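Everything below concerns the one structure shown next.
Just so it is clear, the model here is predicted, and its values are computed rather than measured. Both backbone and side-chain heavy atoms feed into the values below; hydrogens, waters and symmetry mates do not.
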Amino acid sequence: MVRRGEAAVSGGNLPVSGARLWDSLMAMARIGGTPKGGCNRQTLTDLDGEGRALLRRWAEEIGCGVTVDRVGNMIIRREGRDPARAAVAMGSHLDTQPTGGKFDGVLGVLAGLEVLRALHESGTETEAPIVLVNWTNEEGARFSPPMMGSGVAMGLFSEAEVMAKTDPAGAVFGEELRRIGWQGEADPAALQSLGAYFELHIEQGPLLEAEGIPVGVVDRALAQLWLDVTVEGEDAHAGSAMGPRRDAMVAAALMVQAVEEVALAAGGDGRGTVGRLLVTPDSRNVVPSRVWFSVDLRHGDPRQLAAMGAAFRQRAGAIAARRNLAVSVTDFWEFPLTPFDPSLVEALRVAAQGRGLPFRTMPTGIGHDAVYVARRVPTAMIFVPCEGGISHNEAEAITPAWAEAGLVVLADAVLATANRVPGG
């Protein structure tokens, strides 16, 4: 068994350097570094531009071509023996949350860079070209929604829609992209012609660390259902008698508890979260007459997800009726179960086995660029542990050995896929 923080790395096809990857991660972390050891490198800020420039310099030092598309996605390319073959891609994102960590997204980009460096230094030629993508605005922290760069590239958002988005201060996405000098001329849709896509990412959960497993082979993204819930009661003075009250806040609290209970009852992949809650009239000494809150339900089985939605609606309606209130539950957004490509998932399993690394097959319950890319391109993901499952936090941490475990699995799977006999 591999103990926490260790990677039993042996064998393999490409002489990648875990130490150099770690040094690159630390160098990138200095751009937007925070006093608590995290990163604030939000999309389309000057710091994002600085991080992009560093990545471009590193790529050009090893002879790779760098192009940028109209929404700012960076495409780093190393040609193969057969330039006509569809490229095998790696990627993730360099942008962070305002109080983000050093590894979320960045690990996938810089591990891909290390694969390219090792190919260059060893003089290894691949049959298919190898591509590394830094996707624009995966986080959605400054401009919402998240995963804009991959969403436009895969035809899920229009360019015009994204370019017109504004941040809370009123800055316009397209204007900021041009201001920092990172709007290119390439067509984002060209990325739909990729032959395969691999994304390495920290787990953003506690399972791998708890089980002492250094590698997660991700075979699917959970289906998601987002709901808007509005509870309507009646406002009253906080000094009024308790019995006659039609308190929307108390009813909402019971419904929030029902979200957790529905998710737990679903078992397995079931997830349930209330992330936002708005109260009217939002006064200290007034019984709330109206509460709005969001519900995020997820599951690996679409039928179970539908059952979770139905169960919550039933529970909410019963709570409202019991407390003499009205409730409205409406669909906001639905995201289908996204299976990853079986042959690429198997390539990751083979790579982990070849390196002597224990792994588990698992889903992702979190959105990543890979989930959008999988709509158009064969895709698979690799997870490595993060300490305590903490992410989107300055305390986010991984070990060099975990980073190297993900790196070698990525390298071997990419090399095998790029050299695979067509139709084989």
Side-chain angles (χ1 to χ4, degrees), residues 14-33 39-69 72-80 87-96 100-126 129-139 149 177 180-184 186 191 194 197-202 369 382 384 398 400 403-404 406-411 414-415 418:
L14 194 65
V16 290
S17 170
R20 182 167 54 190
L21 168 59
W22 192 259
D23 288 344
S24 299
L25 288 165
M26 295 305 104
M28 187 63 72
R30 288 193 285 273
I31 301 174
C39 279
N40 180 5
R41 196 172 50 248
Q42 295 177 66
T43 196
L44 307 190
T45 59
D46 291 343
L47 290 169
D48 181 25
E50 189 177 338
R52 288 165 170 264
L54 178 59
L55 177 62
R56 177 170 60 189
R57 176 168 65 80
W58 281 337
E60 290 175 344
E61 286 174 351
I62 55 172
C64 290
V66 181
T67 59
V68 182
D69 68 24
N73 294 320
M74 293 178 66
I75 302 100
I76 296 166
R77 183 180 176 98
R78 184 178 192 270
E79 291 297 347
V88 175
M90 308 167 284
S92 198
H93 59 97
L94 292 180
D95 67 309
T96 75
K102 299 183 182 77
F103 307 102
D104 175 1
V106 186
L107 175 63
V109 175
L110 298 187
L113 176 69
E114 176 55 32
V115 172
L116 294 174
R117 283 170 162 167
L119 288 167
H120 174 73
E121 291 181 353
S122 64
T124 302
E125 288 188 292
T126 56
I130 306 293
V131 162
L132 171 62
V133 184
N134 170 36
W135 301 103
T136 298
N137 190 37
E138 192 275 351
E139 291 290 2
L177 183 61
I180 67 168
W182 281 94
Q183 183 177 34
L191 289 164
L194 294 171
Y197 176 73
F198 292 95
E199 184 166 337
L200 169 62
H201 208 280
I202 60 172
D369 291 306
I382 311 158
V384 295
I398 68 174
E404 184 171 355
L407 168 64
V408 296
V409 171
L410 174 69
V414 165
L415 204 63

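- With sequence neighbours excluded, the residues satisfying side-chain contact (heavy atoms from CB on, under 4.5 Å) with V133 are V131, W135, L191.
- One finds the CG atom of N40 at 11.0 Å from the CG atom of D48 (value rounded to the nearest 0.5 Å).
- Of the possible polar contacts, none joining the T126 side chain to the P129 backbone as a donor-acceptor pair under 3.5 Å is found.
- For T67, the side-chain hydrogen bond (donor to acceptor under 3.5 Å, both in side chains) criterion is met by no residue, not counting sequence neighbours.
- L132 places none of its side-chain heavy atoms less than 4.5 Å from the side chain of M74.
- Residues that satisfy the side-chain contact (heavy atoms from CB on, under 4.5 Å) test with E60, not counting sequence neighbours, are R56, V66.
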* To do: Output, in order, the C-alpha distance, side-chain angles, deciding distance and verdict of side chain to side chain contact (heavy atoms under 4.5 Å, CB included) for D46 and I180.
  => CA-CA 6 Å; D46 291 343; I180 67 168; 3.9 Å; yes
* **Intermediate values then yes/no, side chain to side chain contact (heavy atoms under 4.5 Å, CB included), L116 and M90** => CA-CA 10 Å; L116 294 174; M90 308 167 284; 4.2 Å; yes
* Asked: Please walk me through it: do V115 and L119 pass side chain to side chain contact (heavy atoms under 4.5 Å, CB included)?
  -> CA-CA 6 Å; V115 172; L119 288 167; 4.2 Å; yes
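- Take E114 and apply the salt bridge (Lys or Arg N to Asp or Glu O under 4.0 Å) test, not counting sequence neighbours, and it matches R20.
- Considering only residues two or more places apart in sequence or on other chains, R77 meets the salt bridge (Lys or Arg N to Asp or Glu O under 4.0 Å) condition with E79.
- H201 is listed as a side-chain neighbour of S92, based on a closest heavy-atom distance under 4.5 Å.
- A 4.5 Å side-chain heavy-atom check between M28 and L54 finds at least one atom pair inside the cut-off.
- Residue pairs that meet the ring pair (Phe, Tyr, Trp, His ring centres under 6.0 Å) test with at least one member in residues 100-125, sequence neighbours left out, are W22-F103.
- Remark: S17 engages no residue in a side-chain hydrogen bond (donor to acceptor under 3.5 Å, both in side chains) (not counting sequence neighbours).
- The two residues A411 and V16 come nearest to each other via the heavy atoms CB-CG1, 3.9 Å.
- Scanning for side-chain contact (heavy atoms from CB on, under 4.5 Å) contacts around D23 gives an empty result, with sequence neighbours left out.
- S24 pairs by the side-chain hydrogen bond (donor to acceptor under 3.5 Å, both in side chains) definition with R117, not counting sequence neighbours.
- Counting heavy atoms from C-beta on, the side chains of I76 and L55 come closer than 4.5 Å.
- Contacts of R30 classified as salt bridge (Lys or Arg N to Asp or Glu O under 4.0 Å), with partners at least two apart in sequence or in another chain: none.
- Scanning all heavy atoms of the two residues, the minimum distance from L14 to S122 falls at CD1-OG, 3.9 Å.
- Closest of all the heavy-atom pairs between I398 and A403 is CD1-CB, 3.9 Å.
- Remark: D95 pairs with H93 by the side-chain hydrogen bond (donor to acceptor under 3.5 Å, both in side chains) rule, at least two apart or across chains.
- Of all the heavy atoms in A89 and L194, the pair that sits closest is CB-CD1, 3.7 Å.
- When every heavy atom of C39 is checked against every heavy atom of T96, the shortest pair comes out as O-OG1, 3.3 Å.
- The side-chain contact (heavy atoms from CB on, under 4.5 Å) search around T136 returns T43, L44, R52, N73, F173, not counting sequence neighbours.
- Here the CG atom belonging to L113 is positioned 9.5 Å from the CD atom belonging to E61, to the nearest 0.5 angstrom.
- Taking both residues in full, the closest heavy atoms of N134 and L94 are given as OD1-N, 3.0 Å, listed atom of the first, atom of the second, then distance.
- Under the 4.5 Å side-chain criterion, counting only non-hydrogen atoms from C-beta, I75 is in contact with D69.
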